[in-house]
Amino acid sequence: MNSWQIFWNRVKNPGTINSILTGLQNTAVIAVFGLLLGFVIGCLLATVKIIQSKNPAVKGLQYLADGYIAVFRGTPMMVQLLLLHFAVFIGVKIAPVAEVSLIFGLNSGAYMAEIIRSGINAVDRGQTEAGRALGLGFTAVMLKIVLPQAIKNILPTIGNEFISLLKETSIVSVIGLADLTRSFKAIADSTFEYFIPYVALALIYFVMVMIITVVIRLIERRLNRDKR
Amino acid sequence: MISVKNIFKDFHKTEVLKGVSIDVEKGEKIALIGPSGSGKSTLLRCMNLLEQVKYGEVWLDGRLLTPVDPYLHPDIIAKSKTFAKLCPEPGNAELKAEVISKIKKEDLLKKHEGAEFHSAVRRYLKENRLNANLARRSMGMVFQQFNLFNNMNVLKNMVFAPVKLKIMTKEQAEEKALKLLDRIGLPDKKYAFPSSLSGGQKQRIAIARSLMMNPEVMLFDEPTSALDPEMVGEVLGLIKELADEGMTMVIVTHEMAFARECATRVMFMDGGKILEEGAPDDIFGSPKNERLKEFLSKVL
């Protein structure tokens with residue numbers, strides 16, 4: 001039997017197919033929910049950071065937001081995962097996939113905050129002023145005028161963030177979660193064939209990234225209908 | 001209608017307005033002229049509170065718009081613990097006024113003042129914000145850079161604020177918007193996005209958007225300065241039409257011929273002050289101020 005046949009025989013095994021599908025599902029869930037949670041956290045942090053106020057409570061929140069971003073951007077994802085999983089969330093009754101999604105969301109939120117903030121700052125001040133001059137409140141101007149334009153500007157960057165998030169989920173096997181990488185590592189370890197399983201794994205990630213790229217491009221084109 | 005009393009404004013310690021007062025009466029058309037950096041635009045922006053004034057008052061129809069610092073407001077000071085300590089009998093109006101005048105802002109910021117005081121400060125600031133939003137509805141503002149909402153088409157640009165603020169239903173707003181678009185000659189642009197319009201079209205739509213709110217006064221901040229020369233006419237024509245209908249307006253402009261023809265009063269500003277004001281014919285025909293003479297000799 002050559003390497004390819006060994007690999008193929010193993011994959012045909014229903015147990016292996018199941019573990020690959022579970023792994024694929026876990027990877028996708030972690031990436032998608034991590035991104036969504038990161039977006040929500042990012043919006044909150046960005047809002048806190050752009051408010052211009054001398055109110056001590058707001059100032060305090062801004063220092064907290066800065067601290068949060070500094071810590072999550074300043075330490076490796078792997079270290080955060082190990083620390084949060086083995087030391088902080090220990091004893092918390094929560095599904096492992098949900099827990100890991102949360103950790104990825106917390107990490108992604110820090111990056112997302114800076115992306116969203118720069119997107120908001122890039123929207124012309126005149127847009128806000130025109131809204132306020134019509135008597136609209138801060139929230140309405142932000143949600144309906146500034147944010148839609150900001151999101152359109154940062155969409156490619158969010159796509160980038162999603163892609164790197166998806167690829168980074170491959171480290172979750174260190175805490176024993178059955179993701180895509182782990183299912184292929186199991187195949188490689190049990191057959192002593194390394195080249196083909198890992199090339200196949202790389203291909204699957206590559207296809208997923210391509211799908212994201214295409215989807216982002218479609219959304220971008222749709223949002224750009226107001227441009228000539 | 002709008003009354004500006006002795007306002008001061010600075011940007012990072014550069015004084016831009018140094019004690020400016022204007023009274024705008026109903027139906028008046030005031031043209032603000034002057035060299036760049038003289039504070040004309042800032043004055044206009046202070047009128048509808050896009051800029052916070054450092055000192056002075058802006059009144060609209062007898063309502064004070066500019067917020068007084070809450071820590072300087074007598075009613076709020078009277079709620080502080082510092083006041084309670086210093087004034088044993090708050091019923092005595094004379095004593096009360098005297099004690100209040102002695103309490104400084106720093107005193108109130110330094111000490112711990114109970115929850116009642118802080119909630120009074122917060123309530124006061126919130127009311128002020130609401131006041132400012134309400135006041136802006138009756139003041140239409142037109143910007144040099146048009147500032148149409150880029151993410152909305154022309155119709156949505158016009159109906160968004162009145163519908164969001166529940167002044168009109170969507171149907172009423174759309175009907176009014178279509179009438180206005182007819183009037184400015186752009187009915188076929190209702191679904192166009194701002195990026196596909198020319199500067200003159202954008203500015204006319206921006207004016208129509210302000211008119212959607214039925215403003216009592218229109219503020220124009222150099223409405224033609226960002227336009228190609230051939231488009232200036234169409235925008236000035238529309239402004240002239242509004243003026244002839246009796247709209248009260250304040251226009252910051254470099255179009256001297258327009259100011260002379262359209263304004264009922266012209267004000268010349270330089271260095272953050274109004275140096276001369278009067279009827280257009282007096283200002284342009286027989287200027288008295290040296291700086292104004294010099295300015296006119298360069299621009300006319």
Side-chain angles (χ1 to χ4, degrees), chain A residues 43 46-48 50-61 115-116 118-158 218-228, chain B residues 44-45 47-52 109 118 121-122 125-126 129-154 156-167 191-197 206 209-213 215 218-219 221 226:
Chain A
C43 279
T47 314
V48 168
I50 58 162
I51 293 174
Q52 284 179 352
S53 165
K54 291 190 178 107
N55 185 323
V58 176
K59 279 270 175 238
L61 274 177
I115 296 173
I116 293 167
S118 70
I120 290 172
N121 284 341
V123 175
D124 182 22
R125 244 175 68 113
Q127 297 283 312
T128 317
E129 286 179 353
R132 299 308 300 270
L134 286 166
L136 295 163
F138 175 81
T139 321
V141 170
M142 205 63 199
L143 288 180
K144 299 287 181 179
I145 297 165
V146 176
L147 264 187
Q149 295 183 47
I151 286 174
K152 198 173 84 180
N153 293 340
I154 61 177
L155 200 73
T157 326
I158 289 185
L218 286 178
I219 300 175
E220 231 176 293
R221 201 174 296 165
R222 203 183 143 75
L223 288 180
N224 271 334
R225 279 180 313 180
D226 58 347
K227 287 254 167 60
R228 266 201 303 189
Chain B
L44 202 68
R45 292 161 60 82
M47 280 185 180
N48 80 345
L49 309 178
L50 278 180
E51 302 288 351
Q52 212 177 353
L109 287 175
H118 287 299
V121 168
R122 272 199 303 275
L125 289 174
K126 194 177 169 194
R129 272 204 298 278
L130 293 178
N131 276 340
N133 284 347
L134 273 178
R136 288 196 189 109
R137 292 185 195 179
S138 46
M139 290 192 268
M141 179 94 178
V142 175
F143 300 86
Q144 184 178 352
Q145 298 296 340
F146 333 123
N147 295 345
L148 293 179
F149 305 135
N150 294 326
N151 57 327
M152 300 177 184
N153 66 26
V154 168
K156 189 83 201 287
N157 256 284
M158 294 176 74
V159 303
F160 179 66
V163 172
K164 184 87 192 166
L165 296 170
K166 300 198 167 66
I167 295 168
Y191 297 125
F193 278 91
S195 54
S196 67
L197 301 169
R209 180 176 68 178
S210 303
L211 292 174
M212 286 296 291
M213 305 293 291
M218 293 281 286
L219 309 175
D221 185 5

- request: Below 4.5 Å from any heavy atom of chain A, which atoms of B/Arg209 appear? Answer side chain, backbone, both or neither.
  value: both
statement: Minimal heavy-atom distance between B/Met152 and A/Ile145, with the atoms involved, is CE-CG1, 3.9 Å
- request: Taking A/Gln127 for its side chain and B/Asn150 for its backbone only, find out whether a donor-acceptor pair lies under 3.5 Å.
  value: yes
message: Counting only non-hydrogen atoms closer than 4.5 Å, does B/Leu148 touch chain A with its backbone (N, CA, C, O), its side chain (CB onward), both, or neither?
response: backbone
Under 3.5 Å: donor-acceptor pair, side chain of B/Asn151, backbone of A/Lys152: no
field: Donor-acceptor contact present, side-chain B/Asn147 to main-chain A/Ala130, <3.5 Å
entry: no
message: Run A/Leu134 and B/Met213 through side chain to side chain contact (heavy atoms under 4.5 Å, CB included) and show every step you take.
response: CA-CA 8 Å; A/Leu134 286 166; B/Met213 305 293 291; 3.9 Å; yes
- request: To the nearest 0.5 Å, tell me how far A/Thr128 OG1 sits from B/Phe149 CZ.
  value: 9.0 Å
task: Answer whether the closest heavy-atom distance between the side chains of A/Leu136 and B/Asn133 falls below 4.5 Å.
output: no
Nearest non-hydrogen partners of A/Ala133 and B/Met141, listed with the distance: CB-CB, 3.8 Å
- request: Evaluate whether atom CD of A/Glu220 has more than 12 neighbouring non-hydrogen atoms of other residues, nucleotides or ligands under 6.0 angstrom away.
  value: yes
field: Heavy-atom closest contact (B/Arg137 atom, A/Gly135 atom, distance)
entry: CG-CA, 4.1 Å
query: What option among B/Ala161, B/Ala192, B/Gly140, B/Ser138 has the most heavy-atom pairs under 4.5 Å with chain A?
result: B/Ala161
- prompt: What are the two closest non-hydrogen atoms of A/Arg132 and B/Arg136, and how far apart are they?
  reply: O-CD, 2.9 Å
message: At a 4.5 Å cut-off on heavy atoms, which part of B/Met139 comes close to chain A: side chain, backbone, both, or neither?
response: backbone
